[in-house]
Amino acid sequence: MYAIIEDSCRINGEEVQTFGRTVDYGNTLIEVEAGTTGFRGGCDRGKGARAYLSLDVYQGDFLFSPITDDNGRVTGIEIACCGDDALMSLAESLDFAMKAFIDQCTDEADR
């Protein structure tokens with residue numbers, strides 16, 4: 001079993017509860033942190049949900065690059081990795097983040 005660390009961050013003035021863990025698989029080590037406010041009934045910055053995802057790689061063969069549009073504005077990220085351990089660590093990290101998002105959205109819907 002692994003330890004889950006609770007924290008928070010601010011996104012556009014809104015407090016977001018986050019959950020993090022260390023993914024230590026073979027020769028890779030990733031700190032993943034994810035959280036959301038849950039659904040808020042809006043599709044824009046004013047009323048909509050906030051979400052946060054962080055992947056911090058301490059060990060392993062990874063490449064993180066921004067994706068930009070024709071005007072140079074960052075519109076996404078691309079992630080590449082090499083090795084079976086890196087693949088499994090990335091998959092576990094994204095799975096943890098997805099579960100954190102879904103749990104927080106489900107908790108909101110139950111209230």
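- Atom OH of Tyr52 is separated from atom CG of Asp7 by 8.5 Å, given to the nearest 0.5 angstrom.
- The distance from atom OG of Ser93 to atom CE of Met88, rounded to the nearest 0.5 Å, is 10.5 Å.
- Following chains of ILVMFWY side-chain contacts shorter than 4.5 Å, one cannot reach Phe101 starting from Val16, and the two form parts of different hydrophobic clusters.
- Atom-to-atom distance recorded for Glu6:CD and Phe19:CZ is 4.5 Å, nearest 0.5 angstrom.
- Clustering ILVMFWY residues whenever any of their side-chain heavy atoms sit less than 4.5 angstrom apart, transitively, puts Leu94 in a cluster other than the one holding Leu87.
- Residues Phe39 and Ala49 come closest through the heavy atom pair CA-CB, 4.4 Å.
- Distance check, rounded to the nearest 0.5 Å: CE of Met98 to CG of Asp103 gives 9.5 Å.
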Could you go through residues 28-36 and list every donor-acceptor pair under 3.5 Å that involves a side-chain atom there, pairing it with any protein atom two or more places apart or in another chain?
unit_1: Thr28; atom_1: OG1; unit_2: Tyr25; atom_2: O; d: 2.8
unit_1: Thr28; atom_1: OG1; unit_2: Ser89; atom_2: OG; d: 2.2
unit_1: Glu31; atom_1: OE1; unit_2: Thr22; atom_2: OG1; d: 3.2
unit_1: Glu31; atom_1: OE2; unit_2: Thr22; atom_2: OG1; d: 2.6
unit_1: Glu33; atom_1: OE2; unit_2: Thr18; atom_2: OG1; d: 2.5
unit_1: Thr36; atom_1: OG1; unit_2: Gly38; atom_2: N; d: 3.1
unit_1: Thr36; atom_1: OG1; unit_2: Arg50; atom_2: O; d: 2.6

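- Note that the CG atom of Leu63 and the CD atom of Glu78 stand 6.5 Å from one another [nearest 0.5 Å].
- Residues passing the salt bridge (Lys or Arg N to Asp or Glu O under 4.0 Å) test with Asp56, sequence neighbours excluded: none.
- For the residue pair Glu15 and Ser8, the shortest heavy atom distance occurs at OE2-OG, 2.6 Å.
- Both Tyr2 and Leu55 belong to a single network of hydrophobic side chains, linked directly or stepwise wherever heavy atoms of I, L, V, M, F, W or Y lie under 4.5 Å apart.
- At distances below 3.5 Å, at least one donor-acceptor pair connects side-chain atoms of Asp69 with backbone N or O atoms of Asn71.
- Across Ala97 and Leu53, no two heavy atoms sit closer than the pair CB-CD1, 3.5 Å.
- Using a 4.5 Å heavy-atom threshold, the side chains of Gln104 and Lys99 count as separate.
- Cluster membership for Val23 and Ile5, using ILVMFWY side-chain heavy atoms within less than 4.5 angstrom, is not shared.
- Open room surrounds CG on Asp84; 12 or fewer heavy atoms of other groups in view lie less than 6.0 Å from it.
- Taking CG from Asn27 and CD from Gln59, the interatomic distance works out to 6.0 Å, rounded to the nearest 0.5 Å.
- With sequence neighbours excluded, the residues satisfying side chain to side chain contact (heavy atoms under 4.5 Å, CB included) with Thr68 are Val74.
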